[in-house]
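Computed from a prediction, not measured in an experiment: that's the story for all the values here.
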Amino acid sequence: MSNITVNCHIDRQYIVDTYYALLYCLDDVFTQKLDDSIADNMRNFTFTFDNEKIVKLNNDKNEVCTFYYSDLYQIQEAKTGLFFFSNKIIFEFLRYDLFQPDELQRLKDYLAPYLSKNQQPEIATVNYRFDYQQVYAFICYQYRNLRKMMFITSTILFLMSLLVFAKNPPLSALIFILSILLLTIFLVNFKQQSKKQVITLNERFGSMTCIFYNDHLITSSEKRVENYFNINYAEFFKIEKTPKGYVFLIQKHMGYFFFYEEFTLEQQQALEENLKHYNNYSVK
């Protein structure tokens, strides 16, 4: 059976394609700096595949490296190409369009026994946006005890206006209006805080892709490669299941709020099955 051979040229577009496939990032500054740092004799490669190994030829320097599939740390299928990790950091990326369709299928057959190595399945992918609803839900969660106190206070004042001061209509009306006013001001303040946070948020932090795995969460921004984070569930300050969604707190007053509708029922069940093994997870 003949080998599969593809040629790969490392340029700025290759770097953009690579990091978008890996981190869902399109960072102009980062990719330009990385492209500028690559030596001219590290640009052109030929990769040859058979049923057990990859042979990498540097055409500029006439140097050869051989990697056996069984020795690689991980082989990963992305939407636009294949990643071959020597370790957690060093990898090769080859776009699918470099291969002939029949050769690509043959290569995937070769790789099939190795794809599960050191690789967790994705539980769910969420395109997270810091919009008004997201921020408002998070603020309501943060001040949930204060909200309860305000509701209780307003209810007590309302009952007092009806029962205790019923024989004094002006005072009863005043207390009734005060109970409504306090609650209204409190809720309006929450909404104003949410709007202010969204308006003042730097654009590059406004949206991200969040991928949930068995024991960690990966977040990445389309604007910056530097905004890529791999966070183990055990590292979060607190993770809570609330009536409206999941809260992942990085610290006491900072974190992410995910609505249930961003997940399928199966994804929720899989995520909760993994989270319940962590001491920082609770159900409210």
Side-chain angles (χ1 to χ4, degrees), residues 19-20 22-27 79 120 122-151 183-276 278 280-284:
Y19 280 90
Y20 187 76
L22 182 64
L23 308 177
Y24 301 98
C25 296
L26 293 174
D27 188 334
K79 290 182 179 179
Q120 293 185 14
E122 292 183 11
I123 293 176
T125 299
V126 174
N127 294 318
Y128 191 87
R129 291 193 61 82
F130 287 94
D131 57 16
Y132 168 75
Q133 295 297 332
Q134 211 88 32
V135 175
Y136 181 65
F138 185 73
I139 288 178
C140 287
Y141 163 80
Q142 282 185 295
Y143 296 99
R144 60 196 181 283
N145 293 330
L146 184 57
R147 287 181 70 204
K148 291 177 183 177
M149 187 183 301
M150 289 302 301
F151 274 108
L183 188 58
T184 301
I185 291 174
F186 182 76
L187 294 176
V188 168
N189 182 53
F190 270 24
K191 293 180 178 180
Q192 290 301 322
Q193 282 189 55
S194 303
K195 291 177 181 178
K196 184 177 180 180
Q197 286 195 26
V198 172
I199 292 172
T200 57
L201 185 69
N202 189 302
E203 182 184 356
R204 73 184 179 117
F205 298 111
S207 63
M208 64 179 63
T209 298
C210 300
I211 307 176
F212 296 83
Y213 294 90
N214 290 342
D215 60 11
H216 67 283
L217 168 66
I218 288 179
T219 67
S220 61
S221 167
E222 287 191 1
K223 301 295 182 181
R224 294 283 180 182
V225 172
E226 297 95 311
N227 293 346
Y228 169 84
F229 297 101
N230 184 329
I231 313 171
N232 291 329
Y233 296 141
E235 294 178 300
F236 282 97
F237 171 73
K238 187 184 293 184
I239 303 172
E240 286 191 8
K241 180 182 179 181
T242 74
K244 291 186 177 181
Y246 303 102
V247 177
F248 287 73
L249 289 173
I250 299 171
Q251 53 176 260
K252 192 172 183 179
H253 299 295
M254 183 182 296
Y256 308 101
F257 191 98
F258 299 94
F259 290 108
Y260 291 132
E261 52 261 38
E262 296 178 277
F263 304 86
T264 66
L265 180 59
E266 291 76 14
Q267 289 172 342
Q268 289 183 47
Q269 292 172 342
L271 180 60
E272 291 173 21
E273 181 62 29
N274 287 284
L275 291 177
K276 71 181 184 181
Y278 294 90
N280 58 349
Y281 174 67
S282 61
V283 179
K284 296 295 182 181

Test item: Tyr278 and Asp215 side chains (from C-beta on) under 4.5 Å apart, heavy atoms: yes
If only atom types and distance count, is the side chain of Gln267 paired as donor or acceptor with the main-chain N or O of Thr264 below 3.5 Å? yes
pair Leu249-Phe236: side-chain heavy atoms closer than 4.5 Å: no
Could you tell me if the side chain of Glu262 sits less than 4.5 Å from the side chain of Gln134, heavy atoms only? yes
Check whether Gln120 reaches the backbone of Asn214 with its side chain - one donor and one acceptor, N or O, closer than 3.5 Å. yes
Heavy-atom side-chain contact between Phe138 and Met254 under 4.5 Å: no
Here the salt bridge (Lys or Arg N to Asp or Glu O under 4.0 Å) pairs for residues 245-259, sequence neighbours left out, are none
Asn230 side chain to Ile218 backbone, donor-acceptor under 3.5 Å: no
Go through the steps for Cys210 and Thr125 under the test side-chain contact (heavy atoms from CB on, under 4.5 Å), then give the verdict. CA-CA 6 Å; Cys210 300; Thr125 299; over 6 Å; no
Run the side chain to side chain contact (heavy atoms under 4.5 Å, CB included) test against Glu272 and tell me which residues pass, sequence neighbours left out. Lys241, Tyr246, Gln268, Tyr281
Taking the ring of Phe248 and the ring of Phe212, is the distance between their centroids below 6.0 Å? yes
Would you check if Thr209 and Tyr128 make a side-chain contact, meaning some heavy-atom pair closer than 4.5 Å? no
Does any N or O in the side chain of Asn280 come within less than 3.5 Å of the main-chain N or O of Tyr233, such that one atom is a donor and the other an acceptor? yes
Rounding to 0.5 Å, atoms CD (Gln251) and NZ (Lys238) come to a distance of 13.0 Å
Can you confirm whether or not the ring centre of Phe257 sits under 6.0 Å from the ring centre of Phe259? yes
Nearest heavy-atom contact between Ile123 and Leu271 is CG2-N, 4.0 Å
